[in-house]
Number of protein chains: 2
Amino acid sequence: MKLDNIDKRILRILQREGNIQNNELAKKVGLSPSPCLRRIKILEDAGFIKQYVALLDKKTINKQLIVYVRIKIDIANTSSAAIERFIYEVKLLSQIQECYVMAGENDFLLRVLCTDLEEYRNFQVNTLALLPGVCNIKTEIPLQVVKWTTEIDI
Amino acid sequence: MKLDNIDKRILRILQREGNIQNNELAKKVGLSPSPCLRRIKILEDAGFIKQYVALLDKKTINKQLIVYVRIKIDIANTSSAAIERFIYEVKLLSQIQECYVMAGENDFLLRVLCTDLEEYRNFQVNTLALLPGVCNIKTEIPLQVVKWTTEIDI
DNA sequence: GATGAAAGCTTGTCCTA
DNA sequence: TAGGACAAGCTTTCATC
């Protein structure tokens with residue numbers, strides 16, 4: 001499916017203002033409400049728009065600490081079932097926002113959100129370290145968030 | 001400000017369904033529409049809710065390649081003005097979704113989104129490498145996204 | 001926190017280019 | 001094939017209890 005310029009403008013606006021009213025969006029892209037809504041539905045059905053979410057403020061919620069965690073798996077001694085279980089657990093843990101299988105090495109990269117270092121330390125010792133197959137954990141901590149956006153350039 | 005259980009349920013739902021109707025949300029948390037809407041406004045005004053966004057599908061948009069880029073800055077030969085300019089440019093570049101100042105080393109961590117490796121290669125050579133102060137670029141590429149969410153545990 | 005009413009939005013149908 | 005007009009049915013939203 002090919003996106004025309006109006007579709008692209010709709011997607012750009014919705015990426016910034018997911019709760020904009022159809023009325024107002026229509027005005028912004030120069031359509032009347034009906035065809036605008038029709039386009040939105042098509043974009044949703046075609047899978048371009050995956051989800052609408054509210055983004056919360058980490059500071060206000062008091063989950064300020066981002067930790068990037070690199071977990072090495074002991075491949076030699078870990079069954080694929082254990083890795084499946086690792087993945088299953090990761091998906092359940094609410095502190096873990098992101099998890100990637102990295103190229104090149106036998107490891108996972110996690111983005112973890114915590115209140116403070118003490119909370120993270122507990123999480124690492126009592127939870128992460130106990131996941132199946134884990135043989136090494138390295139952490140990296142951002143001091144400052146220069147940029148953060150969910151927007152994708154269309 | 002202290003959140004009660006209803007506030008927390010509202011925030012949890014909005015993090016998954018940012019476009020839910022107030023009517024329906026009110027039903028889910030066991031309130032009538034007016035006090036529910038009042039709470040949402042309070043949560044927005046108090047800064048708990050930062051933004052509503054539509055999340056697009058990377059694959060459908062054809063920006064499938066995530067690259068984590070570690071950029072080392074030549075601190076000895078880079079003025080603070082140059083670093084300011086680096087940060088300014090990073091904010092403008094739409095391929096860069098995230099940028100952090102990392103603890104411990106003189107470097108930045110970037111999350112970059114591209115169509116494919118060729119596009120990334122061009123971006124690195126023609127854009128990233130030319131930013132002020134850059135003296136070293138290392139890339140890491142996720143093979144698989146195991147988990148990705150914007151949700152914060154409340 | 002609930003109710004009820006006014007204003008405004010959404011959304012479907014049908015018509016036009 | 002795509003946009004516009006219109007109208008019915010909802011939602012939102014606010015004052016009042």
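Letters go in sequence order (proteins before strands), and every chain restarts at 1. Below, all heavy atoms of this structure are taken into account, side chains as well, without hydrogens, waters or symmetry copies.
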Roughly, in whole Å, what's the span from [atom1] in [X] to [atom2] in [N]?
X       : N      : atom1 : atom2 : value
A:Asp7  : D:dG3  : CG    : C1'   : 13 Å
A:Ile10 : D:dG3  : CD1   : C1'   : 12 Å
A:Asn19 : D:dT11 : CG    : P     : 18 Å
A:Asn23 : D:dC10 : CG    : P     : 19 Å
B:Leu31 : D:dT11 : CG    : P     : 17 Å
A:Leu37 : D:dG3  : CG    : P     : 12 Å
B:Arg38 : D:dA15 : CZ    : P     : 11 Å

- Task: Using side-chain contact (heavy atoms from CB on, under 4.5 Å) as the criterion, point out the one residue from A:Val69, A:Leu65, A:Ile66 that pairs with A:Ile141.
- Result: A:Leu65
- Does the side chain of B:Glu44 pick up a donor-acceptor pair with the side chain of B:Tyr52 at under 3.5 Å? yes
- Query: Side chains of B:Tyr120 and B:Glu118: do they bring a donor and an acceptor to under 3.5 Å?
  - Reply: no
- Query: Which sits closer to the 5' end of DNA chain D, A:Ser34 or A:Gln21, going by the nucleotide each is nearest to?
  - Reply: A:Ser34
- Message: Check this one for me: any side-chain N or O of B:Asn22 less than 4.0 Å away from OP1 or OP2 of D:dT11?
- Response: no
- Query: A:Arg39 side chain N/O closer than 4.0 Å to the phosphate oxygens (OP1, OP2) of D:dG3?
  - Reply: yes
With a 4.5 Å cut-off on side-chain heavy atoms, are [Y] and [X] touching?
X        : Y        : value
B:Leu11  : B:Leu43  : yes
A:Leu113 : A:Gln95  : no
A:Ile71  : A:Leu128 : yes

- Walking along DNA chain C from 5' to 3', note the first and the last nucleotide with an atom under 4.0 Å from a heavy atom of chain B, and give both. C:dG1 to C:dG4
